[in-house]
Structure formats: C-alpha cells, structure tokens
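One structure is given here, and the rest of the page talks about it.
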Amino acid sequence: MPDPQAAALINRLPPETLGEIFSFVPSQGIQLVQRNTYPWWLTFVCKLWRDVVILTPQLWATIIVYLDPLRVSRIDTRGDSLVAAWQLCLERSGDYPLTVTIESTSTDTMSFVQRLLLPLMKHARQWEKMIFGFPVHLLTPFVHNSSLRFPRLCDLMLRGGHHDTPSDLQPPKHQLFPHAPVLSRVQFQEFLYPPSLLKISWAQITELCLVWNDGNVWDLLEVLENTPNLACLTFAKILDSWSTFHRAPRPRDSQALELPQLRRISWRTFSANHFRLFDMLSTPRLVEMEFSVNDIDWQLDVMQRFLHRSRCTVVIARLNISNPRLVESFLDVLPDAEEITLTTTPGDVGLMHALTLGESTSTERIVPKMKKLVLENMPMKAEVHSAFVRMVQSRLPGPDSMKGQGQGSRLVSLDISVYPEEILADFSMASAYQLLRETLPPEEMKLIKYEERRFEDRFR
C-alpha cells in the first residue's frame, strides 16, 4: 500500500518551494522560552517536512527571547537546553539576515542573557535588526572588539537600564558598533544618562526613537545636534524616573537648530518642559506630525512659532489628545493637512461643527484641504451623531453632499475603527456608522471603511 504521506500533493513540490510556503506561515518568530513554537512543530509532521524546515534558513532567522521574573524558574531548570536550542537556531539560520529580540526585566536573568550573547557574537555579520532590551552595560564588553563587523546591521534598540540598575552607572567609554556602515534606525530606551554621551556613529542615523526617563531639553537638543541627517524623530517622555544623572545646560547660541532632512515627528510626552524644544528647532521639510500630550502641557503659541519659523507644509497629522478643544487648536495651525487621524478623542458637537465645511465663504473651518480622516476608538454620544453625519456630508464629493462655496478639498477616504468592548456602549461609533449607512447613498458609502478591531490591536 503506498505511503499516504508520499501521495500528498504538497509533498510532491520541490523542497525549495515547500520551504517558501513554510516561510509565509504567520509568525512573530521563534519564541525561545515557550514550548513547541513555530517552526519546531513543523518538524514533527513527517521526515520530509523536518528535512525541509531544517534546511530553510529564513525559518530560523527571527528569534525572540522574553525573560521576565515569571520565567526565572524555567530558566533555572531548563537553562542548558534553552541555550542549546538558541545555538541550534543560530546555526540553522545559515547566512540569512538575523532579527533578534532579547528582553530582560529582572536582574535574576542577567547571567542567562550573558550566556546567550556569547554564541550570538559569532553571527555578528548576520545581524540586521537587533533589540537588546536589557542594560546596555552588559552588551558593551561583547561588542567592544575591533575585529567584529556588522555589515548588515541597520536597525538597533538599546536599553539603558531598569529599576534594579545602579543609578550612578556611567556611559561606556568605547565606541559602540564602529563597523556598522548601514546602521540608520536606532532606538534608545530608559537611559540613566543622556544618550548623547554614547559614542556611536550619530551622523548615519536617519530614524531615531528616544524613550526618555530623565534629562532636560538641553540633553535632547544635544542629541539632535549630533544627527544632521535625521528624517524621522520619535520622542516619548515617560513618568517614572529613577536616574540621578544630571548635567547643567550647555551654552549655545540663540539661533534655532535646523534639521534639514527631518520629515516626521512623533511626540508623546507628559512634560511641558520638553515641549520647549520646538522653540529651538527649524524643520523646513517636515510633512508629518504625531502628538500624544496631556491637556496641561499643550502650548499652542510654541507650536505656532515653530511652524512659522520652519515654513514647512504639514500634510499628515495624527493626534491622541483627550480634549476636543485642543484638537481644534492644533488642527487650526495646520491649514495644509490632508490626512488626519484622531485616536480616542471624544467626538462632541463643537469638534464636529469645526470640521464641517461651511456653506459660505464667510464660514471658515479647520483643515479645509482634508482628504482622508481616520477615527480610531472615538467615543461619541448619541446626541452628536447628527452633527457627525452633517460633517461627513459636507466633506464628501458626492451629489448629495453639502456644497460649500469656500475653498477646500473633499474626502476621498473615511476610516472608522472600534474595539469589541465599545461596540455595545452608548458612546460607540458603531451607532454613528449605522446612521451614516441609513443617510448616505451607496456610492458615497464606498468611501467609508468600518472596522472592528481586536483588543490586542490597541497595543501595537
């Protein structure tokens, strides 16, 4: 009797094709500390699949290691087998570019991190995207080797420390990754000292993310002075602060620092002090801004001066601001914005009225050039629904839309997304969307996209 496995159509494919199919299986990567994760379970199907999986390097080139206090006992009992599995994954990745994440939130796992780093250094030439989520002083002895080369490394995340890290920790004395010619995307998280004190090839960086736990606006400005080719800046000021590292402001002239290549700013901060940075910057090529700020930290006059000084044309704005009046004031200084995203901003009558295109030239409305509007998890009470529908009608280009005589573009896309726990609530956008369906003709509804997202999507 013929072997059923041999008769299966999929097993008649060339091994290379079968390996490509396996590589399309949705997976975040090899979860080292978990049991029987992808692609290990593929090797249990049959001998043919096992041979193909083992010889397909891209299946082994994305490895994730999460070491939190809850996994300490597993590391203690299975540490040797986990290191062996780690080495096996690295060997099977061949010469394929590596994407590696090592996250450790406890001092109890630091010795295990060091056991992982030693074999990882042998594959330095494969590094492409590396996330080192543990205190950087553990990494520096391993990368401080003049013979090491990182020809593929383009994306790097470094963490300065955590709550158990000594507060008087000093920056590394040696240059980090001196032989990484294509390194351009760097993220610094929770450093106990200003990242500008790190010796790194700053001029190469085009995308920079700073998750700040201490320091002042002068420290941030010094970082930007070192990155003349920066195209994308993400800055987040977190609340908790345990660093005792402080420096006096460095004297500098009063002329604004120009970042000629900067095109995108993402600003998430709870500190009005850091907002002062915009009084010291000029970004003539800026086209996209993302803001998540507290109500009390909003400084409209600073933003107005910054935009006037930069003479830039911002066409994309993403806002996560809980006060609708602040959203109005922000959009009011962005007359050229074409794509607007509002996340968790309560939709009230005032905001809907401000976004509604008027019927006469004497009625001015914010963002008259808006072509795309994205509403993510926007709470909206029932009494606002009719105002919301009027706003949408005024923006749509269809024959039944409200024809304003003023200058302004028309919407080509309206995206609405809600989460399951809000769908049945009395403030859900689900009801507002239903009213749109009842009011607008089918041709106009084609421009509107409605999506019910999963709960875990909100954290991505």
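- Two residues are said to be in side-chain contact when any heavy atoms from C-beta on lie closer than 4.5 Å; V186 and L158 fail this criterion.
- Residues passing the side chain to side chain donor-acceptor pair (under 3.5 Å) test with T343 are E376, sequence neighbours excluded.
- A side-chain donor-acceptor contact under 3.5 Å links Q204 to the backbone of A180.
- L90 is listed as a side-chain neighbour of L98, based on a closest heavy-atom distance under 4.5 Å.
- Judged purely by atom type and a 3.5 angstrom limit, W60 has no side-chain atom pairing as donor or acceptor with the backbone of P39.
- Remark: S266 engages R268, E290 in a side chain to side chain donor-acceptor pair (under 3.5 Å) (not counting sequence neighbours).
- Scanning for salt bridge (Lys or Arg N to Asp or Glu O under 4.0 Å) contacts around E103 gives R159, with sequence neighbours left out.
- Here the side chain of T101 pairs no donor or acceptor atom with the backbone of I64 at under 3.5 angstrom.
- We find the CG-CZ distance between L357 and R390 to be 14.0 Å, quoted to the nearest 0.5 Å.
- Between I30 and W40, the shortest heavy-atom distance links the atoms CG2-NE1, 3.7 Å.
- Between M445 and Y433 there is a side-chain heavy-atom pair separated by less than 4.5 Å.
- Closest heavy-atom contact between I63 and C89: CD1-CB, 3.7 Å.
- Here P178 pairs with Q175 under the side chain to side chain contact (heavy atoms under 4.5 Å, CB included) rule; sequence neighbours left out.
- Here the closest heavy-atom approach between residue P195 and residue L210 is recorded as CG-CD2, 4.1 Å.
- Note on K449 versus D415: no salt bridge recorded, every NZ/NE/NH1/NH2 to OD/OE distance being 4.0 Å or above.
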Test log, rule side chain to side chain contact (heavy atoms under 4.5 Å, CB included), inputs R395 and V367: CA-CA 11 Å; R395 294 280 183 170; V367 287; 4.0 Å; yes
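- The aromatic rings of F132 and F177 lie parallel to each other, their planes meeting at an angle below 30°, with 60° marking the opposite boundary.
- The backbone N or O of L281 sits less than 3.5 Å from a side-chain atom of R309, completing a donor-acceptor pair.
- Between the CG atom of L319 and the CG atom of L331 there is a distance of 5.5 Å, given to the nearest 0.5 Å.
- Within the model, atoms CG of L351 and CZ of F388 stand 10.5 Å from one another, a figure rounded to the nearest 0.5 Å.
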Pair I448-L440, side chain to side chain contact (heavy atoms under 4.5 Å, CB included): steps then yes or no: CA-CA 10 Å; I448 301 175; L440 300 180; 3.7 Å; yes
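- In this structure the side chain of F188 never reaches within 4.5 angstrom of the side chain of V136, judged on heavy atoms.
- Aromatic pair F291/F278: centroids less than 6.0 angstrom apart.
- Rounding to the nearest 0.5 Å places CE of M370 at 6.5 Å from CD1 of I340.
- The side-chain heavy atoms of C154 and E128, taken from C-beta on, include a pair separated by under 4.5 Å.
- Scanning for salt bridge (Lys or Arg N to Asp or Glu O under 4.0 Å) contacts around E288 gives R264, R318, with sequence neighbours left out.
- The side chain to side chain donor-acceptor pair (under 3.5 Å) search around E338 returns none, not counting sequence neighbours.
- Taking every heavy atom of both residues into account, L224 and L259 meet most closely at O-CD2, 3.7 Å.
- With sequence neighbours excluded, the residues forming a side chain to side chain contact (heavy atoms under 4.5 Å, CB included) with E383 are K381, listed by chain and number.
- Judged as a side chain to side chain contact (heavy atoms under 4.5 Å, CB included), and not counting sequence neighbours, the contacts of K129 are T99, I131, D155.
- Counting non-hydrogen atoms of neighbouring residues, nucleotides and ligands closer than 6.0 angstrom, the CZ atom of R437 reaches no more than 12 such neighbours.
- The minimum heavy-atom distance linking P97 with R152 is given by the pair N-NH1, 3.4 Å.
- For S310, the side chain to side chain contact (heavy atoms under 4.5 Å, CB included) partners at least two apart in sequence or on another chain are S282, T283, F306, C312.
- No donor-acceptor pair closer than 3.5 Å links the side chain of T439 to the backbone N or O of L436.
- For E328, the salt bridge (Lys or Arg N to Asp or Glu O under 4.0 Å) partners are R325, not counting sequence neighbours.
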Under the side chain to side chain contact (heavy atoms under 4.5 Å, CB included) criterion, do D336 and K369 qualify, and how do the steps go? CA-CA 6 Å; D336 298 306; K369 299 181 181 180; 2.8 Å; yes
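- When every heavy atom of P135 is checked against every heavy atom of M110, the shortest pair comes out as CD-SD, 4.0 Å.
- Put simply, CG on L197 and CG on D219 are 7.5 Å apart, with the number rounded to the nearest 0.5 Å.
- Partners of D332 under the salt bridge (Lys or Arg N to Asp or Glu O under 4.0 Å) rule, at least two apart in sequence or in another chain, do not exist in this structure.
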Going through the distances and angles, do R285 and Q261 end up as a side chain to side chain donor-acceptor pair (under 3.5 Å)? CA-CA 6 Å; R285 298 186 65 186; Q261 306 301 325; 3.0 Å; yes
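- Here the side chains of L120 and W86 are in contact, with some heavy-atom distance below 4.5 Å.
- In this structure, the side chains of L286 and V314 come closer than 4.5 Å at one or more pairs of heavy atoms.
- Among residues two or more places apart in sequence or in another chain, the side chain to side chain donor-acceptor pair (under 3.5 Å) test is passed with N229 by none.
- Here M352 contributes atom CE and S394 contributes atom OG; the two are 10.5 Å apart, rounded to the nearest 0.5 Å.
- A heavy-atom distance below 4.5 Å is found between the side chains of M429 and L375.
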Steps toward side chain to side chain contact (heavy atoms under 4.5 Å, CB included) verdict (F112, L82): CA-CA 10 Å; F112 186 75; L82 290 174; 3.9 Å; yes
